[in-house]
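Everything below concerns the one structure shown next.
Whatever order the structure lists ligands and atoms in, that order sets their numbers, starting from 1. Here, residue 1 is the first one in the sequence, and each next residue gets the next number.
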Amino acid sequence: MYDVEKIRADFPILARKVHGQKLTYLDNGASAQKPRAVLDAVMRGYGEEYANVHRGLHTLSNISTDRYEAVRGIIARFLGAKSEREIVLNSGSTEGINMVSYAWAAPRMRAGDEIVLSLLEHHANIVPWHFLRERLGVKLVWVAPEPDGSLPAEKLLAAITPRTRLVAITHVSNVLGTVVDVKAVTEGAHARGVPVLVDGSQGAVHMPVDVADIGCDFYAITGHKLYGPSGSGAIYIRAERLAEMQPFMGGGDMIREVTRDSVSYADAPMKFEAGTPGIVQTIGLGAALEYMMDLGMENIAAHEADLAAYAAERLAGLNWVTVHGKAPGKAAIFSLTLEGAGHPHDISTILDNKGIAVRAGHHCAQPLMDFLGVPATARASFALYNTREEVDTLIEGLELCHRLLG
Ligand code: PLP
């Protein structure tokens with residue numbers, strides 16, 4: 001049984017107050033809070049077991065290396081990868097997607113080649129492709145969502161032409177909560193010979209992910225949204241694509257041998273992990289993913305689906321609120337604007353005074369804001385520890401905003 005009160009007790013920060021009010025943390029889409037298991041892993045990592053990894057032949061370095069390397073296997077299990085050698089550890093999705101842009105896409109793309117993107121994308125899955133547009137003359141082909149925010153796979157697939165070299169698509173929109181059928185996208189794209197990158201920054205947080213079943217070529221995740229430390233993350237890269245990639249960054253840890261005249265590289269995935277990594281952050285991410293898997297990703301998804309349905313129902317009762325994105329089966333992410341309420345920053349400030357944390361702004365999705373015809377929204381994004389009572393608190397907060405601003 002999913003005991004949300006027991007789960008909340010695992011997150012010490014949820015007991016604190018903000019402006020003298022009980023904290024209602026609804027900014028999970030930006031970053032999630034950390035369970036004690038993660039805090040303990042980080043404390044132990046630095047307080048009892050810390051040394052650099054892969055280098056030393058001493059006890060602490062061996063412990064640290066074992067703990068760090070074990071996370072590769074945990075991530076492989078979490079994502080359903082066939083082998084942990086397909087997991088490249090990094091600092092988060094932004095680094096992962098940039099790595100694919102530099103190390104896989106740039107060497108194989110020419111002027112006039114096309115990358116299919118959707119208007120749902122976060123800047124992290126836009127700007128690295130703009131680099132290729134600027135430097136190589138690659139064309140970005142944009143696919144808009146439907147008016148309800150959904151994005152049918154067929155619509156993305158219809159944008160593929162003989163010049164398409166990649167489809168880069170989010171699994172879940174960080175603004176609208178839309179869930180994209182990335183398996184159908186991948187099947188269709190592969191049938192046309194086109195690889196698929198999935199930005200899983202939000203997707204892996206809210207539902208079970210099985211990259212072997214999806215069949216995608218790249219799947220990027222970011223630790224801080226997965227209840228782990230910031231500065232941790234990984235990207236799954238299918239073995240065939242890994243074999244096609246050039247090293248991205250050069251330095252320690254990624255080489256086999258360096259001489260004055262030559263360099264040879266370690267095998268993948270180490271070849272793509274130059275320099276001292278985020279050792280303890282990654283160990284903390286391992287603890288976070290174990291925590292999620294212990295709760296059960298299906299159970300987390302079911303709990304959040306209940307919150308999403310309840311929030312949608314309560315918000316529908318406020319006729320002065322516009323909910324942007326109403327795709328069926330959407331994740332519990334609600335982007336809102338209030339009639340006559342000025343800038344969403346004002347909403348966020350009023351809610352903050354009530355202890356409610358939401359995010360106001362463009363959410364690093366300016367092309368989507370442009371499509372929606374708004375400069376910004378206030379976004380309430382729910383997590384595995386949120387409750388129906390917190391939905392009620394949000395509604396009361398919005399009613400106050402309406403009274404003060406409307
Ligand atoms: N992609 C999506 C959909 C996101 O929501 C985010 C973070 O907000 C990112 C990418 C970037 O993640 P990070 O800043 O952790 O690299």
Of all the non-hydrogen atoms in the protein, which one sits nearest to [atom], and at what distance?
atom                    : result
atom 10 (C) of ligand 1 : Ser201 OG, 3.1 Å
atom 3 (C) of ligand 1  : Asp199 OD2, 3.5 Å
atom 8 (O) of ligand 1  : Lys225 NZ, 2.5 Å
atom 16 (O) of ligand 1 : Thr94 OG1, 2.5 Å
atom 5 (O) of ligand 1  : Gln202 NE2, 2.7 Å

| said: Among residues at least two apart in sequence or on other chains, which ones pass ring pair (Phe, Tyr, Trp, His ring centres under 6.0 Å) with His303? | reply: Tyr2
| task | For the residue pair Ser91 and Glu95, confirm or rule out a side-chain donor-acceptor distance under 3.5 Å. | result | yes
Relative to the heavy atoms of [X], which atoms of ligand 1 are at a distance of less than 4.0 Å?
X      : value
Ala124 : 10 (C), 11 (C)
His224 : 13 (P), 15 (O)
Asn174 : 5 (O)

| message | Using the salt bridge (charged side-chain N to carboxylate O under 4.0 Å, His left out) criterion, which residues pair with Asp294? Sequence neighbours excluded. | response | none
| said: Closer than 4.0 angstrom, basic N to acidic O: yes or no for Glu273 and Arg72? | reply: yes
| query | Heavy atom under 4.0 Å from ligand 1: found in Glu95's side chain, backbone, both, or neither? | reply | neither
| With a cut-off of 6.0 Å (strictly less than), are more than 12 heavy atoms of other residues, nucleotides or ligands near NZ of Lys155? | yes
| said: For Met293, I'd like to know if atom CE has over 12 heavy atoms of other residues, nucleotides or ligands within 6.0 Å. | reply: yes
| Evaluation steps, side chain to side chain contact (heavy atoms under 4.5 Å, CB included), between Thr170 and Val198 | CA-CA 5 Å; Thr170 193; Val198 180; over 6 Å; no
| query | Under 3.5 Å, is there a donor-acceptor pair between the side chain of Arg359 and the main chain of Gly29? | reply | no
| query | Does ligand 1 have any atom that is closer than 4.0 Å to a heavy atom of Cys364? | reply | no
| field | Distance-only N or O hit between ligand 1 and His122, under 3.5 Å | value | yes
